[in-house]
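I have placed the structure first, in the form of structure tokens, so that the comments after it can refer back to it.
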Amino acid sequence: LNVNKTVFLLFKDSKQQGQSIQGIKSSLGPEIVLGIPQGVTWDMETFWENKITKMKNTFLVWQQRSLTLSGKVYIVKSLGLSNFNYAFECRSPKKDTIARIETLVRKFVWSNKRSLVNQDICKQPVCMGGLGLVDLSNYIKSRTSTHCLAAAKSSGVNGVSCPGTTTKS
């Protein structure tokens with residue numbers, strides 16, 4: 001354990017703020033852990049805004065090209081949402097943030113024009129007549145559940161129930 005780099009995060013009303021335990025500093029945050037901000041003092045709006053801006057810039061580069069709908073869906077999945085994967089596993093964005101991401105994806109896929117196909121159909125697999133677009137709400141739930149179950153499994157805990165999942169006995 002590297003005591004110089006290790007910090008334990010406190011809850012908002014903790015009386016141990018600024019104290020250290022066995023040489024380990026305490027903090028309310030913000031602390032960046034594996035690229036994800038942690039702590040009660042961190043502004044998550046700024047974090048998600050930076051992710052959305054990065055996605056927007058990626059889409060601007062690809063908007064210059066004459067891509068098919070399936071090509072645009074591929075860009076959304078491989079370059080757009082990949083920036084969010086680990087963040088979705090660790091933190092759930094607010095509903096308005098999800099709506100902004102979905103709007104950005106919709107505008108990219110349909111070139112800032114009105115959608116010609118119902119969004120529910122767009123989210124269907126290609127074999128069922130859809131475009132294979134990601135249903136963002138379900139995608140976030142699956143990323144969170146996968147992360148939660150992997151963490152429980154690696155710590156040897158059995159029968160763990162994560163938010164939005166069910167476990168079989």
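These numbers were taken from a predicted model, which means no experiment stands behind them.
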One pair to check against side chain to side chain contact (heavy atoms under 4.5 Å, CB included): Leu69 and Trp110. What are the steps and the verdict? CA-CA 8 Å; Leu69 285 176; Trp110 296 105; 3.9 Å; yes

Would you say that more than 12 heavy atoms from the other residues, nucleotides or ligands in this model lie under 6.0 Å from the OH of Tyr74, or not?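 No - once you tally the heavy atoms of other residues, nucleotides and ligands closer than 6.0 Å, there are 12 at most.
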
Does atom NZ (Lys107) have a neighbourhood of more than 12 heavy atoms from anything else shown, all under 6.0 Å?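 No.
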
If Ile, Leu, Val, Met, Phe, Trp and Tyr residues are connected whenever their side-chain heavy atoms lie under 4.5 Å apart, and connections chain through other members, are Ile121 and Val126 in the same group?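 No: no chain of side-chain contacts under 4.5 Å links Ile121 to Val126.
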
Would Leu67 and Leu60 show up in the same hydrophobic cluster when neighbours are defined by side-chain heavy atoms closer than 4.5 Å?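 Different clusters.
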
Sub-3.5 Å donor-acceptor pair from the side chain of Thr97 to the main-chain atoms of Pro93, do we have one?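 Checked: no pair found.
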
Check: Leu133 main-chain N/O paired with Lys77 side-chain donor or acceptor under 3.5 Å: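 The answer is no, because no donor-acceptor pair under 3.5 Å joins these two groups.
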
Parallel under 30°, tilted from 30 to 60°, perpendicular over 60°: which one fits the rings of Trp48 and Phe84?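 Answer is parallel, since the angle falls under 30°.
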
Using side chain to side chain contact (heavy atoms under 4.5 Å, CB included), reason through Leu104 and Ile52 one step at a time and then give a plain yes or no. CA-CA 9 Å; Leu104 188 61; Ile52 290 171; 4.2 Å; yes

Check whether the side chains of Ser111 and Lys72 place a donor and an acceptor atom closer than 3.5 Å, and report yes or no.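 There is such a pair (donor and acceptor under 3.5 Å, judged by atom type) between the side chains of Ser111 and Lys72.
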
Is the shortest side-chain N to carboxylate O distance from Lys95 to Glu102 below 4.0 Å?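 No, this pair does not count.
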
Side-chain heavy-atom pair Val109, Val105 within 4.5 angstrom cut-off: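 Yes. Closest side-chain heavy atoms under 4.5 Å.
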
Nearest 0.5 Å, what's the CG-CD distance between Asn112 and Gln63?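 Rounded to the nearest 0.5 Å, the CG-CD separation comes out at 5.5 Å.
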
Step by step, would you call Leu131 with Gln124 a side chain to side chain contact (heavy atoms under 4.5 Å, CB included)? CA-CA 6 Å; Leu131 293 174; Gln124 293 290 327; over 6 Å; no

